[in-house]
There are 2 protein chains.
Amino acid sequence: MTEAGSTETTRARRSDATRAAILTAARERFAAEGYERATIRAIAADARIDPSMVMRYYGNKEKLFAAAAEFDLRLPDLTEVPRAEVGARLTGHLVDRWEHDDTLMALLRAAVTNQAAAERMRVLFATQLGPTVAALVEDPAEAPERAGLVATQALGFALTRYVLCLPSVVALDRAAVVAWLGPTLQRYLTGEQGE
Amino acid sequence: MTEAGSTETTRARRSDATRAAILTAARERFAAEGYERATIRAIAADARIDPSMVMRYYGNKEKLFAAAAEFDLRLPDLTEVPRAEVGARLTGHLVDRWEHDDTLMALLRAAVTNQAAAERMRVLFATQLGPTVAALVEDPAEAPERAGLVATQALGFALTRYVLCLPSVVALDRAAVVAWLGPTLQRYLTGEQGE
DNA sequence: TCGACATGTCAACACGTGTTGGCCTACAGT
DNA sequence: ACTGTAGGCCAACACGTGTTGACATGTCGA
């Protein structure tokens, strides 16, 4: 807990642990309840501090969300994967990413009712998924459309499995997800319209 | 406006117009802002009546939502469609249904943050999409999984196009949607895992 | 004409929210 | 040892919410 070093550029503050606790609690609450239902008071209680601390460190709720929803999809470089396997590879990566990180769930839940969160989601897909897809497609003009289609299926899966919890989608194991959705993403990435 | 007839079973009440106005306003507000942001006061203002009328006619907010989110997908009988075309047909039907009815948007937006709405969504898919898919599949044991996959893609499309408004998804015209998503649903309905 | 009842309005309650400012406490620099 | 300041808590504010009950108005049957 005692932060020893790094006197060079930015001094390690004693409050860093608190800041981190707030951020973790915020992510969990935003992920579980969405933007408006996740209250500053509840987040503060989870982090075992006073609500006013949240304001002191993050200014207001909107900025807290912005900090909590910072997210990197960490997409792999699909150009180094055999072209016939990019769909399965991308599907597997996304599932793994979703299972172990609340952040994207927080973003998704919030984006449905909060304009700023929706904008963040659009930027995230434009700046992270977009280029990855573009690197894979011959005709650059097709890239946005293909990326959008991928988003369609990827977010739909996340929505039905983690948010709505449709039983038959929750029941799928990782292998089944890859086997079903992989070819879909493959077609959206490298295939043609109309089968 | 003057309701004349039907003295037989249930008398046409003078307040029916108001009830309908409330329901319409509620649907629009729930669809546009989700469950918690759609306020009784705003709905009442849209319907040009006092907020207390909403309570009188619908009891409380939860029951109002339940009444506003009553929804029928009106799925066509896919057994009468050539088997190779069920995917395209279902895709087209869903797009049309979505474009012209706020109700499903209201349900979707609300379901993300409201437990009761999520349960309603699960029931809707189980009772309406489930049987339609089951009638199409040879092995009945596969039906729930296939229906779930269809939900995955269908709701993902609705989410990205109508809620998140990803530009490249919004840009797709009806023909492109059917040409891209049709084969996907076709495979989920009648195809096999792993392409 | 009168009275019962449906329809609608007004003002208020109790509550939870984001947010603020004042106060206490403990540690680091001198 | 002393003091400035960062870290933290408490109480309160202003506001918007769902919800309630008392009161006014109009409509229709007797």
Side-chain angles (χ1 to χ4, degrees), chain A residues 1-8 10-26 29-30 32-69 110 113-117, chain B residues 1-7 10-23 25-26 29-30 32-69 110 113-117:
Chain A
M1 289 297 169
T2 48
E3 305 279 353
S6 80
T7 38
E8 49 272 23
T10 49
R11 185 65 176 260
R13 283 162 304 193
R14 212 159 25 104
S15 62
D16 284 350
T18 304
R19 291 182 127 87
I22 293 174
L23 224 50
T24 306
R29 285 283 174 176
F30 282 131
E33 323 192 22
Y35 186 80
E36 18 272 336
R37 288 177 84 116
T39 70
I40 300 275
R41 282 169 163 88
I43 292 169
D46 288 355
R48 301 172 175 280
I49 45 115
D50 191 86
S52 62
M53 296 304 294
V54 179
M55 309 306 295
R56 169 152 358 189
Y57 289 140
Y58 292 96
N60 58 30
K61 188 178 183 179
E62 205 172 316
K63 289 182 193 164
L64 171 63
F65 176 78
T113 49
N114 185 272
Q115 273 305 318
Chain B
M1 289 297 170
T2 48
E3 304 280 353
S6 79
T7 38
T10 49
R11 183 68 177 258
R13 284 161 304 193
R14 210 161 28 101
S15 62
D16 285 349
T18 304
R19 290 182 130 87
I22 293 174
L23 223 50
R29 285 284 174 176
F30 282 132
E33 323 192 22
Y35 186 81
E36 17 272 335
R37 287 177 85 117
T39 70
I40 300 276
R41 282 170 163 87
I43 293 169
D46 288 355
R48 300 172 176 280
I49 45 113
D50 191 87
S52 63
M53 296 303 294
V54 179
M55 309 306 295
R56 189 192 297 250
Y57 289 139
Y58 292 96
N60 58 30
K61 189 178 182 179
E62 206 173 315
K63 289 182 193 165
L64 171 64
F65 176 78
T113 47
N114 185 272
Q115 272 306 317

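Proteins get letters first, then strands, A, B, ... in listed order; numbering begins at 1 in each. Just so it is clear, the structure is predicted and the values come from calculations on it, not from any experiment.
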Atom-pair distance (CZ on A:Arg56; P on D:dC10), nearest Å: 14 Å

Atom pair distance, as rounded to whole Å: CD1 in B:Ile49 and C1' in C:dA6: 15 Å

Annotated protein contacts, base or backbone, on nucleotides 12-19 of chain C with a non-hydrogen cut-off under 4.0 Å, one of B, S, - each: B----BBB

Heavy-atom closest contact (B:Ala38 atom, B:Lys61 atom, distance): O-NZ, 3.0 Å

Shortest non-hydrogen contact between B:Ile49 and B:Val54, atoms and distance: CD1-CG2, 4.0 Å

Gap separating the CG atom of B:Leu23 from the CG atom of B:Leu64, nearest 0.5 angstrom: 7.0 Å

Nearest-Å distance for atom pair CG/C1', residues A:Asp50 and D:dA12: 12 Å

Under-4.0 Å side-chain N/O to phosphate OP1/OP2 contact, B:Ser15 with C:dA6: no

A:Lys63 versus A:Tyr58, closest heavy-atom pair with distance: CB-O, 3.1 Å

Between D:dA6 (P) and A:Arg19 (CZ): distance, integer Å: 12 Å

B:Thr18 side chain near C:dG8 phosphate (N/O to OP1/OP2, under 4.0 Å): yes

Distance-only polar pair, side chains of B:Glu36 and B:Thr113, donor-acceptor under 3.5 Å: yes

Point-to-point distance, once rounded to the nearest 0.5 Å, from CE of A:Met55 to CG of A:Asp50: 11.5 Å

Pairing residues for A:Phe65 by the ring-ring contact (aromatic ring centres under 6.0 Å, His included) criterion, not counting sequence neighbours: A:Phe30, A:Tyr35

Sugar-phosphate, base or nothing in reach of B:Tyr57, heavy atoms under 4.0 Å: sugar-phosphate

Using the 3.5 Å cut-off, write out each protein N or O paired with an N or O of nucleotides 25-27 of chain C and the distance between them.
none

Shortest non-hydrogen contact from A:Arg41 toward A:Pro51: CG-CG, 4.0 Å

